[in-house]
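Excluded from the calculations below are hydrogen atoms, water molecules and symmetry mates; all remaining heavy atoms, backbone and side chain alike, are included. In what follows, chains are A, B, ... by sequence order, proteins preceding strands, each numbered from 1.
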Amino acid sequence: MKDLQTLVLLLVEDNPNDAELTQRALRKAQVDARLDIARDGAAALDYLLSSRPKPKVVFLDLKLPKVDGIEVLRRIRGDDRTRSIPVVVLTSSQEERDINECYKLGVNSYVVKPVEFDKFYKVVGDLGTYWLILNKSPL
Amino acid sequence: MTTIDDVEILLVEDNPNDVELTLRALQKQNLASKVLVVKDGVEALEFIFATGAFAHRKIENRPKVVLLDLKLPKIDGIEVLSRMKNDERTRHIPVVMLTSSQEERDVLDTYNLGVNSYIVKPVDFSNFVHAVSELGLYWGLLNKVPS
């Protein structure tokens with residue numbers, strides 16, 4: 001079911017441990033994708049406006065340096081060049097206000113990072129399989 | 001007992017074979033008891049907006065996900081999606097297109113209207129069941145929606 005396009009995932013995450021864990025979880029889940037990482041919101045926006053090919057999905061943390069995740073989402077959805085890219089918020093926040101705001105801005109999915117290592121690992125693998133293999137993104 | 005206000009997955013599908021396969025896959029994940037199946041776009045909108053045959057339903061009891069086919073009798077899937085995503089009361093409900101169309105036009109149009117995910121129905125029986133199980137688990141358990 002894999003498209004011919006290169007599978008690229010953009011992870012927007014300032015915590016190096018979480019980024020490393022994501023990398024390993026995807027490999028374990030046999031998701032054959034290129035993982036690009038942006039360490040803050042400004043870098044994510046620069047990346048999205050300049051990179052080719054566009055990522056199939058963006059995994060976006062909410063608490064980020066420079067430009068926070070909510071603002072990144074708002075700008076992705078406000079720009080015709082990036083509007084249709086699937087965005088999954090992956091965060092430790094369970095706050096109803098954050099969940100509501102993200103859906104209001106048009107997030108595709110909102111997933112809470114499990115605190116335990118094993119569960120986090122499993123969830124990231126499931127996310128990778130779902131968004132990079134099962135889901136079809138616009139070209 | 002499951003009542004109309006407990007529905008967690010709304011399946012909008014007019015093909016009886018696809019309905020049966022989908023239900024069987026969801027059954028495996030113990031998700032089948034909270035599925036409601038409707039067969040055209042009119043019924044889907046009546047459920048979602050709690051009107052017509054579903055006027056007695058509480059609109060605030062939102063399903064966790066709507067699995068929506070594109071080609072439907074009466075009102076098609078694009079129109080159902082568009083009405084849901086343009087209404088404050090229903091735009092937060094995740095919608096997954098589950099369709100046999102691989103056309104880029106359909107993919108792009110639905111994302112621009114705010115679809116949450118787009119899944120092409122696998123032709124092969126076991127791949128179909130596998131895909132529906134995965135998406136049932138994803139939207140039924142992993143994804144978080146506003147309460």
Would you say the side chains of E134(B) and T129(A) form a donor-acceptor pair under 3.5 Å?
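There is no such pair between these side chains.
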
Do Y111(B) and S137(A) have side-chain atoms, one donor and one acceptor, less than 3.5 Å apart?
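There is no such pair between these side chains.
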
Quick check on the hydrophobic clustering: are [X] and [Y] connected, directly or via other members, by side-chain heavy-atom contacts under 4.5 Å?
| X | Y | result |
| --- | --- | --- |
| L105(A) | M84(B) | no |
| I37(A) | V8(A) | no |
| L137(B) | V7(B) | no |
| L11(A) | L64(A) | no |
| L9(A) | L73(A) | no |

Pairwise side-chain contact, [X] with [Y], heavy-atom cut-off 4.5 Å (strictly under):
| X | Y | answer |
| --- | --- | --- |
| V111(A) | Y138(B) | yes |
| S117(B) | W131(A) | yes |
| Y118(B) | L134(A) | no |
| W139(B) | S109(A) | yes |

Inspect the surroundings of NZ in K122(A) and state if more than 12 heavy atoms from other residues, nucleotides or ligands are less than 6.0 Å away.
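No, the 6.0 Å shell around NZ holds no more than 12 heavy atoms from other groups.
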
Within 6.0 Å of CD in E20(B), more than 12 heavy atoms from elsewhere:
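Result for CD/E20(B): open.
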
What is the ring orientation for H92(B) with Y103(A), classed by angle as parallel under 30°, tilted 30 to 60°, or perpendicular over 60°?
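Rings of H92(B) and Y103(A): tilted, 30 to 60°.
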
Check the pair K136(A) / E104(B) against salt bridge (charged side-chain N to carboxylate O under 4.0 Å, His left out), numbers first and verdict last.
CA-CA 10 Å; K136(A) 190 165 170 63; E104(B) 274 309 314; 3.6 Å; yes

Short question: side chain of N135(A), backbone of I119(B) - any donor-acceptor pair under 3.5 Å?
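Between the backbone of I119(B) and the side chain of N135(A) there is no qualifying donor-acceptor contact (under 3.5 Å).
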
Side chain / backbone / both / neither for L135(B) at chain A, heavy atoms under 4.5 Å:
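Both parts, backbone and side chain.
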
Can you say whether V145(B) sits under 4.5 Å from chain A via the side chain, the backbone, both, or neither, judging by heavy atoms?
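Both parts, backbone and side chain.
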
Search all heavy atoms of P146(B) against all heavy atoms of N100(A) and return the closest pair with its distance.
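Minimum heavy-atom separation between P146(B) and N100(A): CB-OD1, 3.5 Å.
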
Closest non-hydrogen atom pair between V107(A) and N116(B), with its separation
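Answer, listing the atom of V107(A) first, then N116(B): O-ND2, 3.4 Å.
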
Going from OG on S93(A) to NZ on K144(B), what distance comes out if it is rounded to the nearest 0.5 angstrom?
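Atom-to-atom, S93(A):OG and K144(B):NZ are 9.5 Å apart.
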
Please identify, among N112(B), L142(B), L108(B), the residue contributing the most non-hydrogen atom pairs under 4.5 Å to chain A.
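Between N112(B), L142(B), L108(B), the count favours L142(B).
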
